[in-house]
Amino acid sequence: MALIALAADKGAPGVTTAAVALGAVWPRPVLVAECDQAGGDLVYRLPAAADDPAGRGGARDGGMLNPSRGLLSLAATARRGLRPDQIAEHCQRLVGGLDVLVGITNAEQAQAMTWLWGPLGRAFAGLSPVDVLADCGRLGAGAPLNDLLREADMVVLFTRATLEQVAHLRERVAALASELRGGPPIGVVVLADPRDFRASIAEVDRIVAGVQSRLQGQDAASPGGPGPGYGPAPPPVAVLGGLALDPKGAELLSGRWGGRLDRSLLIRSAREVAATLIGRLGTAVHAGPVPPAAQAVPGAPPAPGHPPQPHERPGVQEPLARPPERQQYQEGRL
């Protein structure tokens, strides 16, 4: 299925929150994977489910995710090769039903894992019938994580609509397009104040269009020029929309506030971005139609009158496939 790499440049503004929000509303089976080389923080943010099908969650809903089971344990078993069907054993489930692959906890661990990113990207891309949202955190020039980005179906960069962040975005887009020639398209999502939402997206769109035009002009002016026999062209770049800067919605997503998460600006805008991403991926990524799969929000209780049924352990051929009762979770929340 599809691998979507989510990242940012300076400061990595809200990439983890965006990944979880998109995972919560994703219309197909999905896994959120922490691939941040600086260390992830899902372990400290979100609670584990008691009904983890492999018994990996806490003793009750709200227990802590296991920091030792995830990317670190997967890397230890992947020295002799990594297959898609190995990933499920190292994933955990959040309260609400979202599956996650917990990342490393510090940057020092990443130094011993530079070999992993390419094989991991290929395994993610082959994880049928599950899409993978890979939280890649902050990107850097020539980073080993580029090996994972090359395996993605799309790279999505997040930015806030401030002068300094858009300036960094412009340079990162240009550098990444050069590094990923012939690779996946690059999308941009703007984290914007709801009071100035459309104007912020339009301004970033104007700047990104200028970067795209400049890249095409440079490619045409290079020796030999583009075309057959002259190597791959830089990937296309486009603004995909925006996520609302919604602190209360982010707190709701983490289960630290009461209220209706489905009414938050964060979730409403996440639905629009998820639909845009699915549309951009198109049918080329998938062999056939995939029935809609309900995604529940971490921390959301089952809907009244719809008690959850026991989860089934994911199969080897279909790791992390959604059980049918996920719809029951969704009916009361999203």
Side-chain angles (χ1 to χ4, degrees), residues 1-8 12-35 98-101 121 124-125 127-137 139 148-159 169 172-173 176-177 180 183-192 197-198 200-201 204-205 208 212 235-246 249 253 262 264-297 320 322 330 334:
M1 299 294 274
L3 167 60
I4 303 98
L6 312 177
V15 177
T16 299
T17 297
V20 175
L22 289 171
V25 301
W26 201 253
R28 302 194 298 222
V30 70
L31 167 69
V32 173
E34 278 194 303
C35 301
L98 181 63
D99 289 308
V100 296
L101 180 69
F124 282 157
L127 192 61
S128 179
V130 181
D131 293 329
V132 178
L133 302 176
D135 172 8
C136 298
L139 299 180
L148 184 147
L149 301 184
R150 292 187 185 95
E151 304 297 334
D153 296 283
M154 180 174 290
V155 177
V156 179
L157 300 179
F158 291 84
T159 185
L169 170 75
R172 176 55 51 210
V173 166
L176 196 59
L180 298 181
I186 299 171
V188 175
V189 172
V190 184
L191 303 175
F197 196 69
R198 299 302 174 190
S200 297
I201 296 172
V204 175
D205 188 32
V208 168
Q212 177 76 29
V237 185
V239 172
L240 306 177
L243 282 180
L245 281 173
D246 179 13
L253 192 65
D262 60 312
S264 70
L265 294 173
L266 173 62
I267 289 299
R268 286 159 57 187
S269 57
R271 282 198 190 97
E272 293 184 7
V273 172
T276 300
L277 282 169
I278 293 291
R280 291 270 181 165
L281 291 171
T283 58
V285 175
H286 305 285
V290 180
Q295 297 303 324
V297 174
L320 310 173
R322 292 294 174 275
Q330 185 174 8
L334 286 177

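Nothing here was measured: the structure is a model prediction, and the numbers come from that model. Hydrogens, waters and symmetry mates play no part in the numbers below; they use all other heavy atoms, side chains included.
The closest side-chain heavy-atom distance from F197 to L243 is not below 4.5 Å. Residues L6 and C136 form no side-chain contact, since every pair of their non-hydrogen atoms from C-beta on lies 4.5 Å or further apart. Residues I186 and P235 have side chains in contact (heavy-atom distance under 4.5 Å, counting atoms from C-beta outward). Using a 4.5 Å heavy-atom threshold, the side chains of T159 and L191 count as separate. Contact annotation: the side chain of C35 approaches that of L148 to within less than 4.5 Å [non-hydrogen atoms, C-beta and beyond]. Counting only heavy atoms from C-beta outward, the side chains of L157 and L176 approach each other to under 4.5 Å. Taking the side chain as every heavy atom from C-beta outward, R271 and D262 approach each other to under 4.5 Å. L127 has its side chain within reach of V132: a pair of non-hydrogen atoms, C-beta onward, lies under 4.5 Å apart.
Between the CG atom of L98 and the CH2 atom of W26 there is a distance of 12.0 Å, given to the nearest 0.5 Å. Considering CG of L101 and CG of L133, their distance stands at 12.5 Å, rounded to 0.5 Å. Between atom CG of residue L281 and atom CE of residue M1 there is a gap of 9.5 Å, rounded to the nearest 0.5 Å. Expressed to the nearest 0.5 Å, how far OG1 of T17 lies from CG of D135 amounts to 9.0 Å.
When all heavy atoms of R280 and V239 are compared, the pair lying nearest together is NH2-O, 4.3 Å. Here the shortest heavy-atom pairing between A7 and L139 reads CB-CG, 3.6 Å. Looking at every heavy atom in both residues, E151 comes nearest to A125 through O-CB, 4.2 Å. Closest approach of L180 and R150 over heavy atoms only: CD2-CG, 3.5 Å. The nearest pair of heavy atoms linking A274 to V25 is CB-CG2, 4.2 Å. Considering every non-hydrogen atom in both A8 and V15, the closest pair reads CB-CG2, 3.7 Å.
The only member of T276, L277, V204, V273 that meets side-chain contact (heavy atoms from CB on, under 4.5 Å) when paired with V189 is V273. Here the options are L240, L169, I201, the test is side-chain contact (heavy atoms from CB on, under 4.5 Å), and the partner is V188; only L169 passes.
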Checklist entry - Between V100 and E34, is a side chain to side chain contact (heavy atoms under 4.5 Å, CB included) present by the stated rule, with each step listed? => result CA-CA 8 Å; V100 296; E34 278 194 303; over 6 Å; no
Item to check | Stepwise side chain to side chain contact (heavy atoms under 4.5 Å, CB included) check, V32 with D99 | outcome: CA-CA 6 Å; V32 173; D99 289 308; over 6 Å; no
Checklist entry - Hey, mind stepping through V156 and I4 against side chain to side chain contact (heavy atoms under 4.5 Å, CB included) and telling me if it holds? => result CA-CA 7 Å; V156 179; I4 303 98; 3.7 Å; yes
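With sequence neighbours excluded, no residue forms a side-chain hydrogen bond (donor to acceptor under 3.5 Å, both in side chains) with S200.
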